[in-house]
Each structure stands twice: as structure tokens, then as C-alpha cells.
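Keep in mind that the numbers below use all heavy atoms, side chains included, and drop hydrogens, waters and symmetry copies.
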Amino acid sequence: MIICKSGTESSLMRKAKRFDTETDHFLAGHIEPGITTGELDHLADRYIRSQGAVPSLKGYNGFPASICASVNEQLVHGFPGKRKLNKGDIIAKTRQFTMSHAIRQYIENPNRGIPEQGPRLKTGIGLAIESMIQIQIGSHHVGTLEDNWTVVTMNVTSFAHNGQAVTCETGGMDIFTKLSA
């Protein structure tokens, strides 16, 4: 079922997503070789609380941290911990993953999606557009770690992950994750 958001709901989503993006920008200033994903989680938790907010992910269905920290072969939902970042590592603060037909068409050829299929976008529909791009050649097979959250590639291939949140508005798309210059 697709639920169209009211103007008030879209406004609240926009505010929350903007804050999430600001948190990403704050963390980017601390990412360097040697820092652990657990330290990044601690920094994010302190930053979020210093802004008068509460990390919504922490405790959600048993998730133990304020952020997901997926590194290299971890596609999504990586638990922050003792893993140290090395030069050249790819780290993503992740959420859910879905890929629209347009993104798939851009990234892979031939396209596996079917154009003009599925529900039509209407005013108030919110989308999480989260692309995952394989950096190294290898298998596209994935699995889930024992934590029942972290999704990884089966052959330790590196992936890049990028997420955008948007809503359809009467004047076009409203991109929540875009910060003003």
C-alpha cells in the first residue's frame, strides 16, 4: 500500500531528513584512517543529542547504535564497533535499500527493470532512492551476518551506497537530502 503524505507530514519528513544529512556532513569531518566505526557512532550520538534530538535508529528492533556504519563489503545496516577505517575504505551511513528504474537504467546496461510498470507517482508520495554500486568486479550474491542486520557481499567485493529522500510535489520533486550552498 502506498500512502500519500500530507503537507504537514512532508514538512516533518523534510526536517528530519535534513537533520540526518547535516549529521552526515558533521561525521564526514571526522572520517580518517584509524578511527573506528564505534567512535563515529559515539560522535553521531553526541552530535544528534547536542542538537536537541534523539537518535531514532538506536533501539529500533534491537539495533544497538545511533547509526549504521557499513564498510566496503557491508552493503547496509553495519553495526558500528571496533573496526578501524583504512585509507581507501568506503563507508556508508545506511538505511533501507530500494532502487528505482531510472537509477538502474543509469548504472547498469542492460536494464533489469521494466519501464512504465508499477504505480504512478502522485503528490505526497515519499521515496527512498538508495543506489548501491559495485566497485570491484565480482559476484552480486549477498548474505546477512549473524546479527541479522548487516548485509554483506559473499565475495568481499566493495560497494558504494548513496541514499536520497524525496517527495513528489505539485511543482516537482522535493529532495530532502540536499543542503543549500
For Q74 and G78 the tightest heavy-atom approach is OE1-CA, 4.2 Å
Rounded to the nearest 0.5 Å, the CD1 atom of I91 sits from the CZ atom of R83 at a distance of 9.0 Å
Those residues at least two apart in sequence (or on a different chain) that pass side chain to side chain donor-acceptor pair (under 3.5 Å) with S56 are none
Residues 30-39 vs side chain to side chain donor-acceptor pair (under 3.5 Å), sequence neighbours excluded, gives T36-E39
Rounding to 0.5 Å, atoms CH2 (W149) and SG (C68) come to a distance of 7.0 Å
Sorted by chain and number, sequence neighbours left out, side-chain contact (heavy atoms from CB on, under 4.5 Å) with T144 holds for V151
Review point. Does a side chain donor of either D147 or T150 reach within less than 3.5 Å of an acceptor in the other side chain?
Key: yes
Sequence neighbours excluded, the answer for side chain to side chain donor-acceptor pair (under 3.5 Å) partners of T8 is none
**Message:** Determine whether a donor-acceptor pair (N or O, by modelled atom type, separation under 3.5 Å) exists between the side chain of T23 and the backbone of F19.
**Reply:** yes
d(S6 OG, L12 CG) to nearest 0.5 Å is 8.0 Å
Contacts under 3.5 angstrom, residues 40-52 side chains, donor-acceptor by atom type, not counting sequence neighbours:
| from | atom 1 | to | atom 2 | distance (Å) |
| --- | --- | --- | --- | --- |
| D41 | OD1 | S66 | N | 2.7 |
| D41 | OD1 | I67 | N | 3.0 |
| D45 | OD1 | R49 | NE | 2.8 |
| D45 | OD2 | R49 | NE | 3.4 |
| D45 | OD2 | S66 | OG | 2.6 |
| S50 | OG | Y47 | O | 2.7 |

dist E73:CD -> L145:CG (nearest 0.5 Å) comes out at 8.0 Å
Value for NZ (K15) from OG (S10), rounded to nearest 0.5 Å, stands at 15.0 Å
**Q.** N86 side chain to D89 backbone, donor-acceptor under 3.5 Å
**A.** no
